[in-house]
Engineer: 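My questions all concern the structure below.
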Amino acid sequence: NKVLSTCANAYLWFFRGTPLLIQLIFWFNLAALYPRIGLVLPFGGPEIFGFESNTVLTVWVVALLGLSLNEAAYMAEIIRGGLLAVSPQQTEAARALGMSQFLAFRRIILPQALRVIVPPTGNQVIGMLKYSTLVSIIALPDLLYSAQLIYSQNFQTIPLLIVVSLWYLLCTTILT
């Protein structure tokens, strides 16, 4: 489908082409552009439903939205690459054996594609853990933000950053 393909390519182009920090700041400040989000009938009709942007777009929602949309773009490319790594002859052979398209995908294509998909997915999970420090910019109290609050009071910047680094090293080691 040409329309879906164009929309998917535009999504991937935008979310992989812009820095995650800018995306987080954009979502955080969306309420300044749209103070109220709702569904309104065209030509000045009544509002069917709506809500104040600030009540729905909390810091947690913004962080989840920004990180998820960014990560989904990268994961889509990993999955696409994994599926393209399986030879088309595998599908032809499964179809020649009388398998339906779904059964051929489930039993033949997907297991072979997962060999290519799983390793970079692990890398993406670790990368997302590290990227989560960016949410401290929008005042979400993550590990880095908590350390920033503490060292702004006791001026022990380097020791606290070492502690944060050790915690992230522990988490990435476990995920690895």
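One is the number of the first residue; the rest follow in order along the sequence.
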Engineer: I need the minimum non-hydrogen distance between Val116 and Ala85, along with the two atoms involved.
Structural biologist: CG2-CB, 3.9 Å
Engineer: Do Met128 and Ile126 share a hydrophobic cluster (ILVMFWY, side-chain heavy atoms under 4.5 Å, transitive)?
Structural biologist: no
Engineer: Any chance CD of Gln101 has more than 12 other-residue heavy atoms, nucleotides or ligands included, within less than 6.0 Å?
Structural biologist: no
Engineer: Quick check for you: to the nearest 0.5 Å, what is the distance between Gln124 atom CD and Glu71 atom CD?
Structural biologist: 4.5 Å
Engineer: Can you pull the salt bridge (Lys or Arg N to Asp or Glu O under 4.0 Å) pairs that have at least one residue in residues 150-175, sequence neighbours excluded?
Structural biologist: none
Engineer: side-chain hydrogen bond (donor to acceptor under 3.5 Å, both in side chains) with Thr58: which residues, sequence neighbours excluded?
Structural biologist: none
Engineer: One pair to check against side chain to side chain contact (heavy atoms under 4.5 Å, CB included): Leu143 and Thr133. What are the steps and the verdict?
Structural biologist: CA-CA 7 Å; Leu143 183 59; Thr133 60; over 6 Å; no
Engineer: Start with the C-alpha distance between Leu24 and Ile137, add both sets of side-chain angles, then the distance that settles side chain to side chain contact (heavy atoms under 4.5 Å, CB included), and finish with yes or no.
Structural biologist: CA-CA 8 Å; Leu24 289 170; Ile137 298 297; over 6 Å; no
Engineer: Which pair of non-hydrogen atoms, one from Arg95 and one from Ser100, has the smallest distance, and what is that distance?
Structural biologist: NH1-C, 3.3 Å
Engineer: Should Val125 and Ile117 be counted in the same cluster of Ile, Leu, Val, Met, Phe, Trp and Tyr side chains packed under 4.5 Å apart?
Structural biologist: no
Engineer: Output all residues satisfying side-chain hydrogen bond (donor to acceptor under 3.5 Å, both in side chains) with Gln23, sequence neighbours left out; order by chain, then residue number.
Structural biologist: Thr18, Asn70
Engineer: Supply the atom-to-atom distance Trp167 CH2 to Leu144 CG, rounded to the nearest 0.5 angstrom.
Structural biologist: 15.0 Å
Engineer: Return each pair, listed once, that meets salt bridge (Lys or Arg N to Asp or Glu O under 4.0 Å) where at least one residue sits in residues 36-54; pairs must be two or more places apart or across chains.
Structural biologist: Arg36-Glu47, Arg36-Glu52
Engineer: Are Val135 and Tyr151 connected, step by step, through hydrophobic side chains (Ile, Leu, Val, Met, Phe, Trp, Tyr) whose heavy atoms are closer than 4.5 Å?
Structural biologist: no
Engineer: To check you understand the geometry: which heavy-atom pair defines the closest contact between Val40 and Gly45, and what is its length?
Structural biologist: CG1-O, 3.3 Å
Engineer: By side-chain hydrogen bond (donor to acceptor under 3.5 Å, both in side chains), which residues pair with Glu77, not counting sequence neighbours?
Structural biologist: Arg80
Engineer: Going by side-chain heavy atoms closer than 4.5 Å, which hydrophobic residues are tied to Tyr74, directly or by a chain of links?
Structural biologist: none
Engineer: Donor-acceptor pairs under 3.5 Å, side chain of residues 5-15 to any protein atom, not counting sequence neighbours: which ones?
Structural biologist:
residue, atom, partner, partner atom, Å
Thr6, OG1, Lys2, O, 2.8
Asn9, ND2, Ser5, O, 3.2
Tyr11, OH, Leu69, O, 2.7

Engineer: Which other residues end up in the same hydrophobic cluster as Leu64, if Ile, Leu, Val, Met, Phe, Trp and Tyr are linked when side-chain heavy atoms come under 4.5 Å apart?
Structural biologist: none
Engineer: For Val86 versus Ala113, what's the shortest heavy-atom pair and its separation?
Structural biologist: CG2-N, 3.6 Å
Engineer: With rounding to the nearest 0.5 angstrom, report the CD1 to CZ distance, Ile109 to Phe102.
Structural biologist: 13.0 Å
Engineer: Who passes side-chain hydrogen bond (donor to acceptor under 3.5 Å, both in side chains) against Gln148, sequence neighbours left out?
Structural biologist: none
Engineer: For Ala32 and Pro35, work out which heavy atoms get closest and say how close.
Structural biologist: O-CD, 4.5 Å
Engineer: Taking CZ in Arg115 as the centre, count heavy atoms belonging to other residues, nucleotides or ligands within less than 6.0 Å. Is the count above 12?
Structural biologist: no
Engineer: Any idea which heavy atoms bring Asn54 and Ala31 closest together, and the distance?
Structural biologist: OD1-CB, 3.0 Å
Engineer: Treating Ile, Leu, Val, Met, Phe, Trp and Tyr as nodes and any side-chain heavy-atom pair under 4.5 angstrom as an edge, say whether Leu33 and Val59 lie in one connected cluster.
Structural biologist: yes
Engineer: Tell me, do Leu67 and Leu20 make a side-chain contact under 4.5 Å, heavy atoms counted?
Structural biologist: yes
Engineer: If two hydrophobic side chains count as joined below 4.5 Å and joins carry through other members, does Tyr145 share a cluster with Leu21?
Structural biologist: no
Engineer: How many angstroms lie between OG in Ser87 and CD1 in Ile108, if you round to the nearest 0.5 Å?
Structural biologist: 12.5 Å
Engineer: Could you list the donor-acceptor pairs under 3.5 angstrom formed by side chains in residues 168-176, with sequence neighbours left out?
Structural biologist:
residue, atom, partner, partner atom, Å
Thr172, OG1, Tyr168, O, 2.9
Thr172, OG1, Leu169, O, 3.1
Thr173, OG1, Leu169, O, 2.6
Thr176, OG1, Thr172, O, 2.6

Engineer: Using atom types as modelled, flag every donor-acceptor pair under 3.5 Å from a side chain in residues 157-165 to any protein atom, sequence neighbours excluded.
Structural biologist:
residue, atom, partner, partner atom, Å
Ser165, OG, Leu161, O, 2.9

Engineer: Around atom OH of Tyr131, are there more than 12 heavy atoms from other residues, nucleotides or ligands closer than 6.0 Å?
Structural biologist: no
Engineer: List in chain and number order the residues that pass salt bridge (Lys or Arg N to Asp or Glu O under 4.0 Å) with Arg107, two or more places apart in sequence or in another chain; answer none if no residue qualifies.
Structural biologist: none
